[in-house]
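Have a look at the structure below before the remarks.
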Amino acid sequence: MTSGTVRVRFAPSPTGFLHVGGLRTALFNFLFARNTGGKFILRIEDTDRARYVEGAVQNLINTLKWSGLDYDEGPDAPGNYGPYVQSERLDIYRKHVDVLLEKGTAYRCFCTPERLESMRKEQEKKKLQPKYDRTCLRLSAKEIEDNIAAGKPFVVRLKVPDGETIRFSDIVRGDVEFMSERVDDQVLLKSDSFPTYHLANVVDDHLMEISHVIRGEEWLSSTPKHVLLYEAFGWKLPKFAHLPLLLNPDKSKLSKRQGDVAVEDYRDKGYLKEALVNFIALLGWNPGDDREIFSLEELGKGFSLEKVNKSGAVFNVEKLNWLNFQHLRRKPDGNVLSMLKDHLAKTGIGSTRYSDAYLLEVIAAMRERVSFIKDFTEKSPYFFLPPNEYDPAVVKKRWKPQSAEYLKKLGDEFLKLENPQKQDYENALHRTAESLNVGNSELIHPLRLAVSGMGEGPGLFDIVSVIGKEETITRINSAIERIK
RNA sequence: GGCGCUAUCGUCUAGUGGCCUAGGACGUCGCCCUCUCAAGGCGAAAACACGGGUUCGACUCCCGUUAGCGCUACCA
């Protein structure tokens, strides 16, 4: 592998669902790879058996695929750096821990969780920084051997050097530095001999030749530990880029409780993947011009880490809704048709009840009025079922005592039409209004209410010509009954 | 508490010392269009957290304050 090749990874922990913040991290990695001609890798960080969730990995993969972020290497995309699931790499981590132990840059710790707990409490009480007190670092070789022989459980900790300033450069944030005194002797290998995130992450990033570590800002504070690990192993540091956090409306880190955080939630609510991806791309990044609507390809073209913001971004659903509208209206009729049919099947109206030609007419009429596929049935149910009730507010405003008579005449006029087109209905209405000596609107509004049950929607003659002459007359007659 | 990061309209953001009487987008409001509702067009309200420097000149650079957030586990 050439050193100039970009290799980035999305390394989620499978906790049940894909978090939108995770999707954003994945997206930025993906876009960076696309933009630089590099590789995008999916690696599953499942080193916490306490948080094991059945089916989480598959779910994660499905959701990532739904969003369109294809990866070059991953659990189900073989590459030369596998396996891509950390629980299948346990022996690798143990070997690397042995190296550290031998070098003396790590040490075994036999302290019990209870002791650690009380130590921490004590430190907090004294307002000291909670930090391992290095009791086990002072163990003699003999004591260590005896402990091991006695079968005492232990963890392996990183031996953080004293008095060092740990510096690294972050592409997003510039130079960052930490005093090593502030860095805890991090556990690298747990007592169940699984690695912690810190160890597994560094080992894998090195072994998988990851060139750029692009992850959320919550990792910035633990980066010095990682830097120390790279140094302990004698490995070259990757480039770091810590992305700003996605925030709740109250500016705290985006979480459940304050709305939906699972990508699946948005998918299930009818958001288009194009809209979601477009939206989260704009959270923390901008193209440098006034464009707002992007396809994945377009995002990939213009993306650069240098244009990533430093501050957190509130996840604002209003704009996402607008983007969904924008992307939906850009979809070809054929795509909208099949989505509409799926939706119709789900709502019980049935996908085969209406011809494609009919549905296409509905789509043409509603194009400018829907942000979601579900809006077709929610905003214009009258295309699928006759109104079973009439909006009371509109009834009050539009149905006058004489409306029944007007509608009767209008229905009679429509009845005479042969294979009418939109314009024919309109002409018929004009004729009727003239003979009645009333304004067109005296007929238009009552008719709209009669055929749709509501006071808003596409042009009246569009509605009428879509549902057809027979249905229109039927609905007129039902309405007349209701007005009487 | 400690450490770290951040700080432009309600929200997403442009802005890299003079182009800023701070631009765009979502949302909000008004007008136009109009058979209604949208869409579309036009317009409005709306921000540089504060205080010191540096400079001929700061939204832009430095320092401090304040605020917010993150981390502070044998979780990631």
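Order of the sequence lines sets the chain letters (A, B, ...), proteins ahead of strands, with each chain counted from 1. Side chains are part of it too, since the values below use all heavy atoms of this structure and drop only hydrogens, waters and symmetry mates.
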Considering only atom P, compute the distance from B/G15 to B/U36 and round it to an integer number of Å.
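Straight-line distance between the two P atoms is 43 Å.
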Roughly how far apart, to the nearest Å, are B/G18 and B/C61 at atom P?
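Those two atoms are separated by 12 Å.
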Check: A/D260 and A/Y271 side chains under 4.5 Å, non-hydrogen atoms
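Contact flag for A/Y271/A/D260 side chains = no.
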Find out whether A/L254 and A/L245 are in side-chain contact, i.e. whether some heavy atom of one side chain is under 4.5 Å from a heavy atom of the other.
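Not touching, per the 4.5 Å side-chain cut-off.
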Options B/G24, B/C3, B/G27, nucleotide nearest the side-chain atoms of A/D290:
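The answer is B/G24.
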Ignoring the backbone of A/R369, work out which of B/G4, B/C37, B/C12 is nearest its side chain.
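Selected nucleotide (nearest to the side chain): B/C37.
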Report yes if at least one side-chain N or O of [X] is closer than 4.0 Å to OP1 or OP2 of [N]; otherwise report no.
X	N	value
A/K225	B/U72	no
A/K190	B/A76	yes
A/N309	B/A14	yes

In Watson-Crick or G-U wobble terms, both distances under 3.5 Å, what is the partner of [N]?
N	answer
B/C74	none
B/C26	B/G10
B/G18	B/C56
B/C50	B/G64

Does A/R173 get its side chain close enough to the base of B/C5, under 3.5 Å, for a donor-acceptor pair?
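Under the 3.5 Å cut-off, the side chain and the base do not form any donor-acceptor pair.
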Can you spot which of A/L360, A/V370, A/I363, A/D333 makes a side-chain contact (heavy atoms from CB on, under 4.5 Å) with A/L340?
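For A/L340, the side-chain contact (heavy atoms from CB on, under 4.5 Å) check succeeds only for A/I363.
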Give a yes or no on whether A/K374 atom NZ has more than 12 heavy-atom contacts from other residues, nucleotides or ligands under 6.0 Å away.
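Buried by this count: over 12 neighbours within 6.0 Å.
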